[in-house]
Asker: 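Attaching a single structure in structure tokens format; questions to follow.
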Amino acid sequence: MDVEGEVPAAAAAAVANGLGGAEEASAAPVSAEQLDVEAYAAQYSGRTRLARLLFIADRCGVEAMQLEALRMAYDEIKRGEDVQLHRDVAAKIGGRLGPRFGLDQAWVDTVTRRADQRKEKLENELNGYRTNLIKESIRMGYNDIGDFFYAHGQLSDAFKSYIRTRDYCTTSKHIVQMCMNVILVSIELGQYAHVSNYVSKAEQTPDSLDPVIVAKLKAAAGLANLETKKYKFAARKFVETGIELGNNYSEVIAPQDVAVYGALCALASFDRSDLKSKVIDNINFRNFLELVPEVRELVNDFYASRYGSCLGHLEKLKPNLLLDIHLHEHVETLYMDIRHKAIIQYTLPFISVDLNLMATAFKTSVSMLEKELAALITENKIQARIDSHNKILYARHADQRNATFQRVLQTGNDFERDVKSMLLRANLLKHDYIQKASGPRKM
Amino acid sequence: MESLEALVAHIQGLSGSPEEVAHLHSLLKQADGDSLRAHAAALLPFLAHLSPETHSLGYLYLLEACATSGSNLSDFGGGDFLVTIAGFLTACSADQIRLAPDKFLNVCRVLKDQVMQLNMPIRGIAPLRAAVRKIQSSPEQLTPLHADYLLLCLLAKQYKAGLSVLEDDIFEVDQPKDLFLYCYYGGMIYIGLKKFPKALELLHNAVTAPMSMLNAIAIEAYKKYVLVSLIVNGQVPSFPKYTSVSGQRSMKIHAQIYVELSTSYSNGRYTDLEIFVQANSATFQSDNNLGLVKQVLSSMYKRNIQRLTQTYLTLSLEDIARSVQLETPRDAEMHVLRMIEDGEIHATINQKDGMVSFHEDPEQYKSVEMVEHIDSSIQRLTALSKKLASIDENMSCDPAYLMKTGRDRGRFDGRFDYDDYDSVPHKFF
């Protein structure tokens with residue numbers, strides 16, 4: 001079901017302008033014409049579906065879509081047991097969807113009562129196991145309590161319970177299960193340091209792991225690296241993620257996400273040869289890319305130096321990516337990096353580049369392009385100089401001879417200065433002349 | 001009074017050969033002290049009987065007794081007494097006064113205090129310069145007079161006069177405090193002359209000199225060091241690892257605002273820096289650094305324009321004005337023009353269409369002057385290297401050093417013949 005929303009004029013202009021208007025685009029309400037909320041939500045299960053729906057409702061800025069997302073979240077919550085979330089969503093809807101979607105006090109009371117009973121039962125059981133010191137049962141007990149807390153949205157309690165099972169793990173399988181639980185909760189809590197930590201713990205178990213588990217761990221590690229802004233590592237993890245992942249990890253990530261995250265991180269951080277070998281020629285990752293044809297096109301366009309079309313695809317994807325719970329923060333940075341990479345690659349083979357042509361290729365104005373180029377030159381990423389009068393970019397060839405002379409003289413001066421001050425210091429130390437606290441002046 | 005006259009007679013009689021002078025010195029030491037000082041007022045007429053050149057040592061003892069007697073110097077005729085001291089400092093014999101260096105230093109200090117009291121620092125410059133040369137055993141030695149001399153130069157705003165002393169490289173130091181003051185005042189003189197790289201060098205020495213406790217001179221030097229670094233390099237390097245621990249630990253805390261200034265500078269935005277400077281101008285003013293801070297501020301324009309030369313071949317004046325945050329193209333033109341004149345950038349301005357073309361450095365390193373310059377650099381460096389090698393040689397002949405290294409080696413091999421080979425100093429050059 002498509003939610004119709006008007007594309008604000010500013011956003012449309014931004015798309016036409018390429019990145020030049022990116023700042024305006026993010027300020028304007030995000031248009032989400034293409035995002036099919038229902039289909040999107042269907043990719044996920046468990047709490048992440050709720051989290052994503054609520055995130056979209058908060059961010060999209062289009063009322064119809066917001067209500068649609070909230071309605072689905074409401075229904076979903078009713079199937080679960082998270083009372084707090086129910087209250088929040090009901091408050092967010094604020095009666096806009098009619099009486100059926102209000103605060104259901106009766107449901108809340110039943111669920112709370114049931115939860116209290118269950119919690120008591122679980123704790124009693126656990127205490128029983130603990131007095132009997134049966135390791136396996138204690139582990140199961142903690143696990144059950146963890147699951148219980150998780151279902152009720154008490155994430156940090158769930159986290160603690162899962163961590164406690166660690167002391168009672170006897171086989172690698174248990175350890176992996178513990179790690180997976182901890183990773184799941186940590187992702188939702190946004191504590192990505194724990195995620196990386198427990199991914200490596202799980203990978204270190206002596207027994208060989210199930211390919212599905214391996215793929216899940218890679219995806220989780222990629223996510224953790226993405227959130228900590230280590231895009232290169234994130235890209236590596238995502239492109240290594242096995243196709244076995246399928247829909248098995250829908251409580252965290254969909255295979256489409258792997259494709260998008262992986263491709264964007266790779267474009268932003270890999271060099272050309274890595275891009276070819278690790279992304280385009282990677283049969284495994286190609287399976288992911290097939291799921292999102294736009295992204296596949298985008299990567300191929302980038303590699304084939306069709307930057308205009310590549311950036312066009314990126315702009316089309318942007319509104320949806322901004323609604324992604326994990327990627328939204330990084331979209332701007334990644335887009336910036338990709339664009340810079342594209343500009344650098346474009347200029348690389350030429351001695352001189354006509355800025356007018358280049359501006360057309362990048363769908364931007366000459367003056368904007370000039371500014372971007374100037375910034376890149378200042379950061380020493382492009383070896384060139386701009387002829388602003390004739391709008392031409394000239395590659396710069398350093399004069400080795402002059403540079404050497406300059407460097408030699410500089411080194412000589414530095415050496416002279418350093419040696420002199422070193423000799424002075426050495427002499428001071430030799431005679432033990434160190435300035436002490438106002439001692440008597442000796443003559 | 002008897003003894004005084006006898007003493008003067010001794011002085012007159014015993015100022016010939018070195019042996020006589022040595023004898024006289026022991027006599028003078030006996031006579032020195034309260035007895036001489038008690039007669040301070042009466043001493044002055046006797047000075048007229050002595051000649052500063054030939055009877056330097058005796059003259060010095062009498063003069064010092066007068067000068068430090070504690071009574072008001074104007075009793076001796078104020079200005080005239082200064083003239084007497086000045087005359088003595090320029091005329092005295094270096095060999096004789098070096099027998100009693102502390103007396104000499106006392107006299108110099110009295111002179112310095114006097115001219116400062118009279119608010120005429122310029123009068124002390126020439127005599128003190130002579131005094132520095134007299135008491136120095138080699139031009140590499142730093143005497144306590146250096147700092148006093150530089151202080152007078154600073155106060156009299158005679159920066160060029162200070163150079164004559166500053167241009168000698170200093171290696172031997174009597175007193176650490178002298179070194180700090182010397183570096184600090186020297187740095188200020190170079191700042192006054194706008195020779196920032198040299199100033200940086202001296203301030204750097206003050207900041208990194210070994211110290212077990214932080215001292216106020218080093219902190220003030222560090223503040224100036226930060227500012228001058230910004231002017232010269234656009235950034236402040238972190239402490240080199242030989243900086244004393246206490247310095248590394250707390251220097252920044254005491255110069256917090258300067259560290260913040262450098263952070264603000266590194267952002268490269270003129271307006272931000274300007275706001276920061278204005279907000280803290282009272283602090284800079286009270287540190288007497290406001291002028292230097294303003295130079296830091298204007299150096300930012302230069303640095304930004306210089307950065308443009310790396311990026312552009314041609315650029316219109318309006319664009320320059322916009323990107324370095326100058327108000328009008330006219331201002332930009334002025335800045336560019338001044339920088340071209342100072343040789344800081346290589347460019348031409350086309351006034352017809354308001355375009356500036358930046359050029360590469362035209363220096364081709366093949367002119368005669370350049371070859372001479374390089375040659376002189378090489379000469380200097382070889383001399384320095386020789387010095388380094390000789391110090392290394394001395395070090396490897398140093399008994400304490402050999403004892404230490406020899407002990408380590410002896411543990412593995414009890415025989416001596418190996419050591420004979422190894423302790424031959426390495427020749428690097």
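Every chain is numbered from 1 and lettered A, B, ... according to where its sequence line falls, protein lines coming before strand lines. It should be emphasised that the depicted structure is a prediction, and the values quoted were computed from it without experimental measurement.
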Asker: Considering non-hydrogen atoms only, spot the tightest contact between A:R401 and B:Y365 and give its length.
Answerer: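 So the minimum-distance heavy-atom pair works out to NH2-O, 3.4 Å.
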Asker: A:L424 and B:I170: which non-hydrogen atoms are nearest, and at how many Å?
Answerer: CD1-O, 3.5 Å
Asker: Check whether B:S323 gets within reach of chain A through its side chain, its backbone, both or neither, counting any heavy atom under 4.5 Å.
Answerer: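 Neither; nothing under 4.5 Å.
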Asker: What distance do A:K371 atom NZ and B:D319 atom CG have between them, rounded to the nearest 0.5 Å?
Answerer: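 Going from the NZ atom of A:K371 to the CG atom of B:D319 covers 8.5 Å.
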Asker: Using a 6.0 Å cut-off, check whether atom CD of B:Q379 has over 12 heavy atoms from anything other than its own residue.
Answerer: yes
Asker: Is any side-chain heavy atom of B:K387 closer than 4.5 Å to a side-chain heavy atom of A:V419?
Answerer: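 When only atoms from C-beta onward are counted, A:V419 and B:K387 do not touch, as no gap falls below 4.5 Å.
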Asker: With a cut-off of 6.0 Å (strictly less than), are more than 12 heavy atoms of other residues, nucleotides or ligands near CE of B:M370?
Answerer: yes
Asker: If contact means a heavy atom pair closer than 4.5 Å, which residues of residues 308-317 of chain B contact chain A?
Answerer: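 Result: B:T309, B:Q310, B:T311, B:Y312, B:L313, B:T314, B:L315.
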Asker: Rounded to the nearest 0.5 Å, what separates atom CZ in B:R380 from atom NZ in A:K420?
Answerer: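 Result: 6.5 Å between the selected atoms.
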Asker: Tabulate below the donor-acceptor pairs under 3.5 Å that side-chain atoms of residues 405-414 of chain A make, not counting sequence neighbours, or state none.
Answerer:
residue : atom : partner : partner atom : Å
A:Q410  : NE2  : A:D414  : OD1          : 3.2
A:T411  : OG1  : A:R407  : O            : 2.5

Asker: Cationic tip of A:R425 within the cone over B:Y242's six-membered ring, i.e. under 6.0 Å and within 45° of the normal?
Answerer: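 Satisfied, under 6.0 Å and within 45°.
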Asker: Measuring from A:I377:CD1 to B:R307:CZ, what's the distance to the nearest 0.5 Å?
Answerer: 13.5 Å
Asker: Looking at B:F239, I want to see if its CZ is surrounded by more than 12 non-hydrogen atoms of other residues, nucleotides or ligands under 6.0 Å.
Answerer: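 Correct, the count exceeds 12.
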Asker: What distance do A:E416 atom CD and B:S377 atom OG have between them, rounded to the nearest 0.5 Å?
Answerer: 7.0 Å
Asker: Side chain, backbone, both or neither: which part of B:L214 has a heavy atom under 4.5 Å from chain A?
Answerer: neither
